[in-house]
Amino acid sequence: MTKGYYLSMAAVTLGIVPGAKAGNVADSPKEKEDKQTAPPNIIFIMADDMGYGDLGCYGQPYILTPNIDSLASTGVRFTQAYAGSPVSAPSRASLMTGQHSGHTEVRGNREYWRGTDTITYGVNKEYARVGQHPYNPDRVILPEILKDNGYTTGLFGKWAGGYENSVSTPDKRGIDDFYGYICQFQAHLYYPNFLNRYSPELGDTAVVRVILEDNIDYPMFGDDYANRSQYSGDLIHQEALKWIGKQTPDKPFAAFLTYTLPHAELYQPNDSLLKFYEDKFVEDFDWGGQEGSRYNATKHVHAQFAAMISRLDQYVGEIRQLVKDKGLDENTIIILTSDNGPHEEGGADPVFFGRDGKLRGLKRQCYEGGIRIPFIVNWPGVVEEGTESDRQIVFYDMMPTICDLLDVDLEEKYAPEGTDGISFLPTLLGEEQPERDFLYWEFHETDQIGVRKGDWKLITVSGVPRLYNLAEDIGETTDVAAQYPEIVNELLAIIKEQHVESDLFPITLPPFPN
């Protein structure tokens, strides 16, 4: 059967929301200028471990994403967009701080729950402290800038920017309302023992734990896990919808919707959406679980993964419909992306889905597959519909882009030491932009550094350089370092200039030319 058949059947039987469609033609320059006078609402949707090729609009042949495809067809789809890092916490840190991973404080998934006392919830023992390494409190982050410029801010999903009661929790970093996971390790359970919340309206003075009473009577690992009923994906999404629903046209809002789909574990409600893919993938397989990582056993692995992507797509459709129903769609920017490339954890099978397209590498690697991500911007009347951009952008560009949008001098007001990003607002407005000088990544867990300059890509693995020409070799299959020593030396010089030592996240530097 054709993809078109599945699309129509899914829309009818699963209630996939046909996302709100913008006008057919971008506004005139004068109208664009008028719209920029009123600060736009910003909805930033970040999936977790969703690869470059996981969406229909990026060539995915098996998984249905009609709402996200509509978002792209009425906006701009970037084909050379990059995460800040090949793994979650440092990638989000790059987004939040405007720094690349050779400069920012958080460069890896450093955990703070290990070795702490435990608390008992029902029949389950949990850690007394959970979370990751905190953002540097002396450096401003994106929500703080937005809040300082009159925005109401909310974050719903994964934080991963500090552990509980640390110097960097959402309530201390410019977030007005928060609901989700303070700790990304906790997010390995889709039916967790608790979630975290910060809601001054409910009397919270700091981030608190919300115990999920219908879950804790069942063990968090094993056969009885299936009896849990409070699914975090839906809980987080419903809180996000309620929060957006309270916003009014007289004050701009910024919603960071950092959903955990489709990260492992591959587990979700046994509903019609999952059944749809179980019927589609009749030749599927099961996976046995991994207790140490909190990944429960999974039946119908392909169906589970595909349904997680389509479930995210449903969330996107519902968000767009809500914004339209409230009459906010004409002044709301919706951005959709992912924090890094595809994973193979929890039984996931990226090869089957061709999840990174023609790209080499997965999550935790500085090859293209680990860092090149989908990135869609929908801005009715401003961004030209159905456009594609090959502009090279990266997460640490978001801070200067937002400041450019708000007509704020970033360095003068918030970052006198500078940032590593470049505003891509001119690209969104259809204006020409000069090519950027370079892009930079480093990741200590796999001991890799990546530099891209034009079409040249240098990767060092444990200090050994490898060079690729992405214009001719998008799959990074042929190392041409020996043929182009002058290019290697040029890119090594960038590493030498950009890397700042970190005792917490050490990495092997390559030998530098004299």
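Heavy-atom basis, side chains included; hydrogens, waters and symmetry copies ignored. Treat the numbers as computed from the prediction; the structure is a model and nothing was measured.
Ring geometry for Phe353 against Phe305 counts as tilted: the plane angle lies between 30° and 60°, on a 0 to 90° scale. Ring-plane geometry between Phe395 and Phe44 is classed as perpendicular, the angle between the planes exceeding 60 degrees on a 0 to 90 degree scale with a lower cut at 30. Using the six-membered ring where Trp is involved, Tyr191 and Tyr231 have ring planes that are tilted, between 30° and 60° apart. Classified by interplanar angle (parallel below 30°, tilted 30° to 60°, perpendicular above 60°), the ring pair Phe78/Phe424 is perpendicular.
Expressed to the nearest 0.5 Å, how far CG of Leu439 lies from NE2 of His100 amounts to 10.0 Å.
Ser199 and Asp204 are not linked by any side-chain donor-acceptor pair at a separation below 3.5 angstrom, with hydrogens and angles left out of the test. Side chain to side chain, Thr298 and Gln304 fail the donor-acceptor criterion of an N or O pair below 3.5 Å.
Looking at Tyr315, Tyr259, Trp243 one by one, the single match for ring pair (Phe, Tyr, Trp, His ring centres under 6.0 Å) with Phe156 turns out to be Trp243. None of Tyr440, Tyr468, Phe438, Tyr82 except one satisfies the side chain to side chain contact (heavy atoms under 4.5 Å, CB included) rule with Arg452; the exception is Tyr82.
With hydrogens and angles disregarded, a donor-acceptor distance shorter than 3.5 Å links the side chain of Gln60 to the backbone of Tyr62. Side chain of Gln80 to backbone of Asp390: a donor-acceptor contact under 3.5 angstrom is found.
Residue Phe512 qualifies as enclosed at atom CZ: its count of foreign heavy atoms under 6.0 Å is above 12. Under a cut-off of 6.0 angstrom, the local environment of CD in Glu412 is sparse, with at most 12 non-hydrogen atoms contributed by other residues, nucleotides or ligands. Dense packing is recorded around CG of Asp409, with more than 12 heavy atoms of other residues, nucleotides or ligands lying under 6.0 Å away.
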Task: salt bridge (charged side-chain N to carboxylate O under 4.0 Å, His left out) assessment of Lys363 paired with Glu345 - done: CA-CA 10 Å; Lys363 175 182 177 181; Glu345 298 159 359; 3.4 Å; yes
TODO: Mind running side-chain contact (heavy atoms from CB on, under 4.5 Å) on Thr427 and Val76 for me, showing each step along the way?
DONE: CA-CA 10 Å; Thr427 296; Val76 57; 6.0 Å; no
Open item on the list: Walk me through whether Glu501 and Leu509 qualify under side-chain contact (heavy atoms from CB on, under 4.5 Å).
Closed with: CA-CA 10 Å; Glu501 287 294 322; Leu509 294 173; 3.7 Å; yes
Task: side-chain contact (heavy atoms from CB on, under 4.5 Å) between Glu239 and Leu195, worked out - done: CA-CA 12 Å; Glu239 289 297 319; Leu195 290 169; over 6 Å; no
- [ ] Verify side-chain contact (heavy atoms from CB on, under 4.5 Å) between Gln99 and Glu417, making sure each step is shown before the conclusion.
- [x] CA-CA 11 Å; Gln99 295 177 298; Glu417 68 278 33; 5.6 Å; no
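Sorted by first then second residue, the salt bridge (charged side-chain N to carboxylate O under 4.0 Å, His left out) pairs that include residues 142-166, not counting sequence neighbours, are Asp48-Lys158, Glu144-Arg173, Lys147-Asp176, Asp148-Lys413, Glu164-Arg209. For residues 456-466, the salt bridge (charged side-chain N to carboxylate O under 4.0 Å, His left out) pairs, not counting sequence neighbours, are Glu368-Lys457, Lys457-Glu476.
No close placement of the Phe253 and Tyr151 rings is indicated, their centers lying 6.0 Å or farther apart.
No cation-pi contact links Arg129 to Tyr112, judged by a cut-off of 6.0 Å to the six-membered ring centre and 45° from its axis.
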